[in-house]
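Encoded as structure tokens, the structure appears first; notes follow it.
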Amino acid sequence: MRKNIFLLIIAFSASSLFAQSRWTTEEEEKAIGALLTEMTLVEKIGQMTLFTSDWDQTGPTLREGYQEDIKTGRAGAIFNAHTADYNRDLQRIAVEETRLGIPLIFGYDVVHGYRTIFPIPLGETASWNTPLAEETARIGAREAASAGLHWTFSPVVDIARDPRWGRVMEGNGEDVFLGNAMTEARIKGYQGKDLADPFTLVACAKHYAAYGAAQAGRDYHTVDISERSLRETYLPPFKAAIDAGIGTFMTSFNEVDGQPVSGNYHLLTEILRDEWGFEGFVVTDYTGISEMVPHGIVANEADAGELAVTAGVDMDMQAAVYYNYLEQHVAEGKVELARIDQAVRQILRIKYALGLFEDPYRYNDMERQAANIFTPEHRATARLAARESLVLLKNENNALPLTKSISHLAVIGPLAKSQEDMLGAWHGDGRAEDCVSVLTGIQAAIDKAATISYLPGVAIEGDDESDIPAALAAARLADAVVVVVGEKWNMSGEAASRTSITLPGKQAELIRQLHQIGKLVIVVLLNGRPLDLTNIIDHADAILEAWYPGTEGGHAVADILFGDYAPVGKLPITFPRSVGQVPIYYNMKNTGRPYDPNNKYTSKYLDESNDPLFPFGFGLSYTTFSYGTPTVTKEASTGDFTATVSIEVTNSGKRSGREVVQLYVHDLVGSVTRPLRELKGFQLVDLAAGESKTVEFTLGKEELSFLRRDMTWGMEPGTFDIYIGGDSRASQKVSFEY
Ligand code: BGC
């Protein structure tokens with residue numbers, strides 16, 4: 001069959017309308033054109049149809065009907081099917097049994113690893129380490145591509161400022177600048193330099209757009225934001241994804257301005273294609289097309305299909321709406337054939353770029369699969385990534401690090417022994433049995449002579465306190481207590497919104513009682529969202545935020561607890577004092593009545609401070625850092641401007657450590673009001689005890705521009721205050737004029 005395609009390429013002499021794309025040469029575009037002339041409408045719609053493989057404990061199985069659909073060219077893409085041999089069998093049907101032999105593309109949610117699981121993306125973002133994020137994505141791609149996959153539904157680039165929303169765990173947190181940097185890094189990692197490299201995956205930017213702005217943090221809920229916030233806050237990471245060369249986009253479930261995204265022409269065509277020039281393809285999120293019926297934007301599925309395809313959706317995931325209705329729409333003239341051809345071209349382009357037309361089985365090599373999955377090197381990177389994702393939130397009187405020669409340690413808490421909960425949601429083919437629990441990590445790190453007593457104390461959820469006395473008894477005999485608490489892995493992720501963000505069940509009560517007996521209490525948190533820790537903050541000597549740290553998480557936690565490494569993580573999202581402060585994020589505006597403790601009629605609460613419990617960018621080390629006075633030099637030439645800001649950073653403590661030096665800008669007056677602070681630079685600086693380094697940041701027009709009153713991007717004349725420090729409250733300041 002491939003021979004036929006080759007002959008078609010030769011035979012097709014008319015020059016293509018499409019010169020070339022980011023991923024394909026002119027020749028390949030011509031070949032696609034030739035193929036399009038051969039394809040029936042049904043086969044074209046097949047390329048626009050993605051079906052899931054039904055996954056269960058034993059592995060993927062494809063419904064009988066879907067196999068038939070592959071055979072008849074009615075399904076051109078499959079997701080949730082993996083392993084080299086299983087996917088080879090399905091690919092064989094497409095390549096050898098269909099009329100044109102067009103290969104399938106296989107997708108899967110490889111979000112933070114395939115089998116070797118890295119920290120959840122929010123946790124990994126806390127490392128602020130973009131080369132590391134690139135490397136974990138590269139490994140995820142390497143493993144998945146060895147298991148017969150071509151396409152990952154990742155990265156999640158949704159900006160999220162509401163911790164009630166369970167999907168904050170999947171993205172990069174609240175900030176645009178950090179979010180853009182992580183987005184670029186992950187795409188580079190997944191896609192490599194060339195998609196034709198069989199160890200890469202094509203990436204998918206999701207969920208386009210503004211999914212993280214769901215009202216009240218309730219998943220799938222309405223989004224109602226201005227075009228300005230959309231463009232300033234929610235769209236930039238998607239634009240960054242395009243600049244990084246991403247091949248696919250996924251629509252989000254929500255509506256924006258009354259239009260469900262899967263039918264939103266403004267987002268999918270006017271912005272994505274016309275303004276940004278995206279040349280890849282757009283897939284829906286799951287049954288996003290048929291969901292437009294309950295949204296109330298169309299009366300039935302047939303109309304939903306028409307709306308989606310004309311808005312710019314190229315591939316229908318699982319809803320089978322294109323499958324059922326597109327042919328009829330074309331026949332009736334409701335949908336133009338040219339639009340179908342455009343969608344199919346974009347899909348085939350990615351299949352070409354992946355090298356599938358050259359060799360459809362290049363991802364289906366059993367030996368390659370055996371050699372490249374869950375290797376010791378991948379696990380070592382998982383340990384490193386987990387370590388760097390941990391954020392030390394509190395460390396009273398240097399409670400941490402603990403000494404390895406401790407004689408008796410009590411390890412308490414419902415999550416201490418859990419392997420499953422190290423994984424977090426969207427853990428691909430990650431397996432609980434592969435994971436190192438916190439208890440196992442501690443056992444491996446500590447002196448063999450030490451006694452470790454373990455008791456859960458309470459369950460994660462529920463009111464039962466009957467096991468607390470036994471935990472207290474064990475703690476009384478110990479020199480220190482490590483309490484591992486948090487959320488069960490599936491309490492965050494999709495469809496996992498919560499109205500209360502305190503520790504569930506009786507976990508806070510367990511901590512309170514442990515503290516009362518007077519032992520050193522070290523709290524380790526496993527969770528996927530910012531938690532309200534107000535009710536435990538005074539009952540813990542130290543608090544280590546470990547997120548869901550992945551396969552090697554337990555070792556990573558022990559590395560930090562016992563001081564083999566100093567913590568380096570910094571929060572990528574604000575931790576509120578209570579859910580009543582939500583949404584709370586660092587780059588708020590001043591208002592006309594900024595907070596004044598002595599004036600009731602200023603912007604504040606009667607019952608709570610305006611400040612969060614832990615601000616964006618915050619995280620402690622085992623050493624301390626001090627900052628000198630920043631200086632600035634400006635360079636202006638026609639049409640150009642740069643400001644170079646320098647500052648000396650000193651490790652003022654007694655051991656080496658890493659500081660994430662952060663630079664924030666405040667544009668004092670603008671044609672639209674500006675946030676009090678905006679992150680515009682960060683650098684990871686490793687310093688030995690006593691060592692100083694001068695850190696330099698360059699701010700150009702790009703960093704200093706914003707969406708002006710007339711909706712164009714640019715800088716405006718005036719004063720800019722720059723703040724530099726170790727978190728978003730940074731106090732070292734320098735100003736300049738533009
Ligand atoms: C999620 C997506 C995911 C898709 C496929 C949906 O429910 O919202 O993030 O990629 O399922 O698994």
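In each ligand, atom 1 is the first atom listed, and ligand 1 is the first ligand listed.
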Whether Arg339 side chain and Val309 backbone form a donor-acceptor pair below 3.5 Å: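 Judged by distance alone, yes, a pair lies under 3.5 Å.
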Leu201 backbone acceptor or donor facing Thr152 side chain under 3.5 Å: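 No; judged by distance alone, with no hydrogens or angles, the pair does not exist.
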Not counting sequence neighbours, which residues clear ring pair (Phe, Tyr, Trp, His ring centres under 6.0 Å) with His378? List them please.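 Ring pair (Phe, Tyr, Trp, His ring centres under 6.0 Å) list for His378, sorted by chain: empty.
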Could you list the atoms of ligand 1 found under 4.0 angstrom from a heavy atom of [X]?
X: His207; answer: 2 (C), 8 (O), 9 (O)
X: Asp285; answer: 1 (C), 2 (C), 3 (C), 4 (C), 6 (C), 7 (O), 8 (O), 9 (O), 11 (O)
X: Tyr286; answer: 11 (O)

Side chain, backbone, both or neither: the part of Arg167 lying under 4.0 Å from ligand 1 by heavy atom: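 It is the side chain that touches ligand 1; the backbone stays farther off.
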Does ligand 1 have a heavy atom under 4.0 Å from the side chain of Met250, from its backbone, from both, or from neither?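 Side chain only; the backbone of Met250 stays clear of ligand 1.
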Pair listing, ring pair (Phe, Tyr, Trp, His ring centres under 6.0 Å) test, anchored in residues 119-147, at least two apart: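 Passing the test, one end in residues 119-147: Trp128-Phe616, Trp128-Phe682.
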Verify the distance criterion only: is there a donor paired with an acceptor across the side chains of Arg115 and Asn372 at less than 3.5 Å?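 There is no such pair (donor and acceptor under 3.5 Å, judged by atom type) between the side chains of Arg115 and Asn372.
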When you measure from the heavy atoms of Tyr108 to every atom of ligand 1, does any distance fall below 4.0 Å?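 In this structure, Tyr108 fails to qualify as a contact of ligand 1 - no heavy atom is under 4.0 Å.
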To check your reading of the model: name the closest protein heavy atom to atom 7 (O) of ligand 1, its residue, and the distance in Å.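 Here the nearest protein heavy atom works out to Glu494 OE1, 2.6 Å.
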Give me the nearest non-hydrogen protein atom to atom 12 (O) of ligand 1 as residue plus atom name, then the distance to 0.1 Å.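 Ranking protein heavy atoms by distance from atom 12 (O) of ligand 1, first comes Asp109 OD2, 2.5 Å.
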Applying the side-chain contact (heavy atoms from CB on, under 4.5 Å) test to Arg349, which of Thr24, Val344, Leu354 qualifies?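 Checked Thr24, Val344, Leu354 against Arg349; only one passes side-chain contact (heavy atoms from CB on, under 4.5 Å): Thr24.
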